[in-house]
Amino acid sequence: MDTKRPGGAARSPQDIFGGLFLVAIAVLALYLVNHLPASGRVGFASGTAPRLFAYGLLALGAWIAIAGFFKEGVSIGAFNWRGLFTILGSVVLFAVGIRYVGLALIGVPMVMLASLADHEFKAEEALYFGVGMTAFCGLLFPTILGQPIPLWPPFLDMTPGKSTGLIVRFAAGAVVLAAAVYVARQALGNSKRKGS
Amino acid sequence: MELIANLGHGFAIAVTPTNILLCLIGALVGTLIGVLPGIGPIATIAMLLPITYKLDPTGALIMLAGIYYGAQYGGSTTAILVNLPGESSSVVTAIDGHQMAKKGKAGTALAIAAIGSFIAGTFGTILVAALGKPLTQVAQAFGPADYFSLMVLGLVCAIVLASGSVLKAIAMIFLGLLLSTVGTDLETGEQRMTFGYLPLADGIEFVTLAMGMFGFAEILRNLEAQSSRDIVSQKVTNLMPTRDDLKEAAPAVARGTLLGSILGILPGGGAVLAAFGAYTLEKKISKKPQEFGKGAIRGVAGPESANNAAAQTSFIPLLTLGIPPNAVMAVMVGAMTIHGIVPGPQIMTKQPDLFWGLIASMWIGNLMLVIINLPLVGLWVRLLRVPYRMLFPAILFFCAIGVYSINNQPFDVVLTAFFGLTGYLLIKLGFEPAPMLVAFVLGKIMEEKLRQAMLLSRGDPFTFVNFDRHPISTVLIIVSAVLLILAITPALRKKRNEVFVED
């Protein structure tokens with residue numbers, strides 16, 4: 001990221017693109033508040049403050065971009081596309097799936113997709129870990145803390161508290177235990193390898 | 001003494017079994033995330049917010065505060081043993097702390113860091129208690145114009161103290177302010193920048209912004225810069241520092257505590273800046289500056305005291321003026337709002353239990369940390385061996401659940417991913433998102449006060465600098481202007497950059 005460019009037209013790409021990015025945001029904001037009154041009876045209306053801030057951002061963005069042409073600066077580092085797609089993708093996957101299939105079924109695919117972001121991805125480990133995490137969170141948030149997160153798909157309506165819920169909790173507990181043992185063994189295994 | 005009576009009242013509240021337990025949980029979670037590199041207090045507090053729904057506000061804040069100062073203790077452990085900052089505020093601790101560990105003095109370094117932190121924490125707590133009352137009284141004399149100007153000063157300080165380009169910091173402030181205006185207009189009920197989309201009518205949820213910009217963007221950045229962990233493997237022994245060590249470290253602890261306390265109160269400051277400042281100070285006044293970087297005990301004692309002192313005192317502007325001086329305190333504002341508390345001078349008068357209970361719990365939390373932390377070092381080290389490839393999916397999963405459960409709204413989760421993308425872009429383009437978060441939180445109050453002040457002055461924009469009517473506001477605006485001009489002048493800019501340069 002710290003590679004300096006010798007001369008050339010675009011001398012500080014980071015500043016030029018950064019400035020333009022802000023300009024784009026400001027223009028979008030100005031477009032969105034276009035229908036609101038810019039000033040009211042005592043100077044201020046609903047559209048005044050957003051316009052004020054947007055014009056400020058516009059000016060600063062333009063300044064940063066223009067100044068970027070005249071000074072030496074750093075180039076933009078390479079983007080971690082793999083990380084972006086897997087990390088943000090896993091979060092969106094969660095958002096899409098939570099209402100339809102519930103925490104119990106979305107957890108494993110989400111954790112596995114997220115794990116793919118790392119180059120040392122190990123499918124088996126990610127699977128076990130996903131199962132453990134899902135069981136742990138399923139037990140902690142909707143069951144123990146009673147947060148209204150759907151745990152199962154709607155057609156399987158096993159609301160915790162009903163008699164089926166109890167079985168689910170027990171099953172989840174068993175999986176948590178298994179996962180905890182696995183994680184502990186993994187951690188210990190690592191320490192032994194490094195220690196020797 | 002009223003102060004002692006008040007503190008006594010606070011302790012009575014803080015030592016109830018529930019609150020002690022919550023304080024312990026907060027301090028332990030804080031240490032945990034402090035030890036683990038790649039997750040900071042901002043994301044953690046945001047993540048745990050929904051869990052605190054069922055608690056009473058005092059208990060909730062006691063726990064969340066514990067996370068912040070607990071993280072300062074945990075961060076030093078990783079810095080010393082692994083040469084990685086577990087927390088950004090312990091970046092400088094790693095320099096000399098790890099060298100000490102390599103020389104077999106890991107125990108001494110850990111102990112000095114913990115003792116220094118405890119002394120600093122105690123002083124910070126007393127300062128919060130002592131300054132609470134007078135500052136609250138000052139704040140009660142404030143009108144809307146004065147409040148607005150005070151927040152302007154806060155933002156200017158955030159600009160002056162942010163690292164990197166001043167211009168970019170100002171731009172981030174404006175971005176934060178702009179984002180804060182999304183949602184329903186307070187006075188007219190008109191929809192602003194919501195794309196006509198109902199979930200946005202309440203404005204951008206603070207947690208989604210914080211979690212996306214800090215939590216997710218940080219994970220993305222960590223995945224790019226993965227370094228091998230060089231854990232000091234021998235057993236940590238000799239936790240008790242020798243008399244000579246203590247003698248050597250004591251003045252650094254005192255200086256770090258003082259400097260940290262001041263920088264914590266200043267808007268834009270906080271634990272990170274305090275640690276950097278203290279290290280620079282120690283190195284500059286030392287008679288043996290060549291020892292720094294090779295395991296100087298003062299290089300550990302100074303910054304570690306400073307970051308914990310700052311973590312405590314940054315509560316002062318929040319509790320008395322209702323102004324968050326840094327991004328972590330901005331998250332605390334979010335927490336208070338969720339529990340129906342408006343940060344500001346009225347907390348002390350209307351909710352004395354919360355105010356004094358929180359302060360007392362900070363000291364108890366510090367005490368617990370210093371007692372439990374050193375024996376637990378072995379456990380923390382073991383945790384560090386959990387690879388990051390397992391850590392970050394877990395963080396993501398917790399975050400997604402946390403964001404979803406704020407409003408039970410899948411859209412919020414998608415929005416978080418969007419802010420993660422934006423945050424990553426901003427970092428790539430050389431912008432520091434922290435000032436933006438502070439501006440986002442202040443933005444809503446600022447617009448409200450601005451409009452009130454304009455209404456009172458019948459639309460006169462010069463009311464803020466009208467000395468006859470608003471002397472406080474005028475002074476604050478002048479100070480802000482001077483600071484801003486100084487920040488742009490080349491000489492000071494050079495000095496400011498020096499503070500942030502690591503050796």
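For the numbers below, each heavy atom of this structure counts, side chains included, while hydrogens, waters and symmetry mates do not. Lettering of chains follows the sequences in order, A, B, ..., and the numbering in each one begins at 1.
In terms of non-hydrogen atom pairs under 4.5 Å with chain A, the most contact-rich of B/E447, B/M446, B/K168 is B/K168. Chain B forms more heavy-atom pairs under 4.5 Å with one residue of A/A117, A/A78, A/G19 than with any other, namely A/A78. Counting heavy-atom pairs closer than 4.5 Å to chain B, the top-ranked of the candidates A/V33, A/L84, A/L28 is A/L84. Between chain B and the options A/A49, A/G56, A/P50, heavy-atom pairs under 4.5 Å are most frequent for A/P50. Your options are B/V414, B/V182, B/L220, and the one with the most heavy-atom pairs under 4.5 Å with chain A is B/L220. Ranked by heavy-atom pairs under 4.5 Å with chain A, the list B/F216, B/F398, B/F418 is led by B/F398.
More than 12 heavy atoms of other shown residues, nucleotides or ligands fall within 6.0 angstrom of atom CZ in A/F121. Taking a 6.0 Å sphere around CZ of A/F79, one finds it holds more than 12 heavy atoms contributed by other residues, nucleotides or ligands.
Using a 4.5 Å cut-off between heavy atoms, B/F411 makes no contact with chain A at all. Neither the backbone nor the side chain of A/Y31 comes within contact range of chain B, judged by heavy atoms closer than 4.5 Å. With a 4.5 Å cut-off on non-hydrogen atoms, A/I64 touches chain B through its backbone and its side chain both. Of the atoms belonging to A/L57, heavy atoms from both backbone and side chain fall under 4.5 Å from chain B. Within the 4.5 angstrom heavy-atom criterion, only side-chain atoms of B/Y424, from C-beta onward, approach chain A. Both the backbone and the side chain of A/S46 come within contact range of chain B, with heavy atoms under 4.5 Å apart. With a 4.5 angstrom heavy-atom cutoff, A/A126 does not touch chain B via any of its atoms.
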Just do the ring-ring contact (aromatic ring centres under 6.0 Å, His included) check on B/F431 and A/F21 with the steps written out, would you?
CA-CA 11 Å; B/F431 292 95; A/F21 181 50; 7.8 Å; no
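A donor-acceptor pair under 3.5 Å links the side-chain atoms of A/T86 to the main chain of A/G83, judged by distance alone. Using modelled atom types, no side-chain atom of A/S12 and backbone atom of A/E72 make a donor-acceptor pair closer than 3.5 Å.
Ionic pairing of A/R82 and A/D118 is not present here: no N-O contact between side-chain nitrogen and carboxylate oxygen is shorter than 4.0 angstrom.
No side-chain N or O of B/D412 forms a donor-acceptor pair with one of B/Y404 less than 3.5 Å apart.
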Per-pair distances, 0.1 Å, donor-acceptor, side chain in residues 170-181 of chain B, under 3.5 Å, sequence neighbours excluded:
| residue | atom | partner | partner atom | Å |
| --- | --- | --- | --- | --- |
| B/S180 | OG | B/L177 | O | 2.6 |
| B/T181 | OG1 | B/L178 | O | 2.7 |

